[in-house]
Asker: 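A single structure is presented below for examination.
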Amino acid sequence: MALTLNEIVPWGRSYEEYQQMFALTDIELGQRILGCADGPAAFNAGLTQRGGQVISVDPLYAFTELQIRDRIAATYDTILLQLQHSQADYVWEAIASVADLGRVRMAAMTQFLADYEAGKQAGRYRPGSLPALPFENDYFDLALVSHFLWLYSDHLSCEFHQQSLRELLRVAREVRLFPLLTLDCQLSPHLSAVTAQLLRDGFTVSRQRVDYEFQRGGNEMLVVRAA
Ligand SMILES: C[S@@+](CC[C@H](N)C(=O)[O-])C[C@H]1O[C@@H](n2cnc3c(N)ncnc32)[C@H](O)[C@@H]1O
């Protein structure tokens with residue numbers, strides 16, 4: 001079922017955060033990349049500026065730039081207030097304070113908004129939702145999923161995670177997911193069952209430490225590849 005705009009809480013990370021969360025090398029950044037659940041993140045805009053090939057898919061892209069801009073304005077203060085109350089869940093180093101976080105996220109979302117309509121015209125922002133993606137088999141070298149699968153394990157079932165991984169591996173040779181934690185900083189309860197199923201299906205699966213930790217304990221990505 002399609003999300004309504006009022007159900008979406010737009011919050012986007014920067015190009016540099018994506019690079020760190022997924023430990024992306026220059027060679028990998030030159031591959032054909034899918035950013036799944038990218039929302040208002042600046043990864044697509046930043047990689048496109050650097051000459052990369054990336055398509056982002058998210059239900060948010062059913063909306064116009066103006067609608068998304070208004071929704072960001074309507075939710076931004078509430079998100080920052082919630083973060084004020086949950087500061088202990090985060091590591092305040094690279095991002096030093098809640099105010100600093102607000103500036104970093106808003107800069108990323110502003111970069112996204114400036115790129116959005118042109119990127120949509122060019123087919124770089126495509127409306128769509130897991131667990132069914134609008135791409136042919138093996139269209140991408142690499143699919144990235146930041147802050148969607150695992151994070152919302154309380155709302156998204158183990159079966160949804162399994163179907164989504166299968167779909168991501170249909171369209172991409174390799175899938176990376178970050179973080180492996182739920183919103184309350186616990187390892188996702190679906191991780192072991194989903195990993196076991198992927199191994200039975202013949203994929204290779206590894207947990208890899210990365211040089212990025214903002215959510216406390218969130219410093220690993222899952223890497224899944226066709227064997
Ligand atoms: C917390 S945001 C993460 C945004 C971005 N990946 C980042 O890390 O900055 C989660 C995103 O998941 C998107 N989303 C919600 N349901 C989805 C689905 N079924 N398939 C793909 N994306 C979905 C939302 O629209 C939202 O943009």
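Model, not experiment: these values are computed from the prediction. Just the heavy atoms: all of them, side chains too, but no hydrogens, waters or symmetry mates, feed the values below. Along the sequence shown, residues carry numbers from 1. We count ligands from 1, going down the list as the structure has it; atoms in each ligand are counted the same way.
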Asker: Give the atom numbers and elements of ligand 1 that come within less than 4.0 Å of a heavy atom of His147.
Answerer: 1 (C), 2 (S), 3 (C), 8 (O), 10 (C)
Asker: Looking at Lys120 and Glu117, does any basic side-chain N land under 4.0 Å from a carboxylate oxygen?
Answerer: no
Asker: With a sphere of 6.0 Å drawn around OH of Tyr139, does it hold more than 12 non-hydrogen atoms of other residues, nucleotides or ligands?
Answerer: no
Asker: For Ser146, take its heavy atoms, then give the atoms of ligand 1 lying under 4.0 Å from any of them.
Answerer: 3 (C), 5 (C), 6 (N), 7 (C), 8 (O)
Asker: Under 4.0 Å, heavy-atom basis, I'd like to know which part of Phe43 is in contact with ligand 1: side chain, backbone, both or neither.
Answerer: neither
Asker: Testing the 3.5 Å rule here: is there a donor-acceptor pair between the side chains of Gln111 and Asp115?
Answerer: no
Asker: Looking at Trp11, which atoms of ligand 1 are within less than 4.0 Å of one of its heavy atoms?
Answerer: 4 (C), 9 (O)
Asker: Can the ring centroids of Phe43 and Phe112 be said to lie less than 6.0 angstrom from one another?
Answerer: no
Asker: Hey, do the aromatic rings of His161 and Trp150 have their centres closer than 6.0 Å?
Answerer: yes
Asker: Given Leu149, Asp58, Val9, identify the one with the heavy atom nearest to atom 27 (O) of ligand 1.
Answerer: Asp58
Asker: When you compare ligand 1 with Ser129, is there at least one nitrogen or oxygen pair between them that comes in under 3.5 angstrom?
Answerer: no
Asker: Quick one: does Arg13 get an N or O within less than 3.5 Å of an N or O on ligand 1?
Answerer: yes
Asker: Under 4.0 Å from a heavy atom of Gly39: which atoms of ligand 1 are those, numbered in the order shown and with their elements?
Answerer: 27 (O)
Asker: Quick check on contacts: which atoms of ligand 1 are under 4.0 angstrom from a heavy atom of Tyr18?
Answerer: 5 (C), 6 (N), 7 (C), 8 (O)
Asker: Using a cut-off of 6.0 Å, state whether more than 12 heavy atoms not belonging to Asp184 lie near its atom CG.
Answerer: yes
Asker: Do any N or O atoms from the side chain of Arg126 and from the backbone of Pro134 form a donor-acceptor pair under 3.5 angstrom?
Answerer: yes
Asker: Ignoring angles and geometry beyond distance, decide whether Ala37 reaches within less than 3.5 Å of ligand 1 through its nitrogen or oxygen atoms.
Answerer: yes
Asker: So, is Gly12 polar-close to ligand 1, with some N/O to N/O distance under 3.5 Å?
Answerer: no
Asker: Between Asp38 and Tyr18, is any side-chain donor less than 3.5 angstrom from a side-chain acceptor?
Answerer: yes
Asker: If you measure from each non-hydrogen atom of Tyr152 to ligand 1, which part falls under 4.0 Å: side chain, backbone, both or neither?
Answerer: side chain
Asker: Should you measure from each heavy atom of Ala41, which atoms of ligand 1 turn up under 4.0 Å away?
Answerer: 9 (O)
Asker: Determine whether a donor-acceptor pair (N or O, by modelled atom type, separation under 3.5 Å) exists between the side chain of Arg216 and the backbone of Cys185.
Answerer: no
Asker: Please state which part of Pro59 comes within less than 4.0 Å of ligand 1, counting heavy atoms only: side chain, backbone, both or neither.
Answerer: side chain
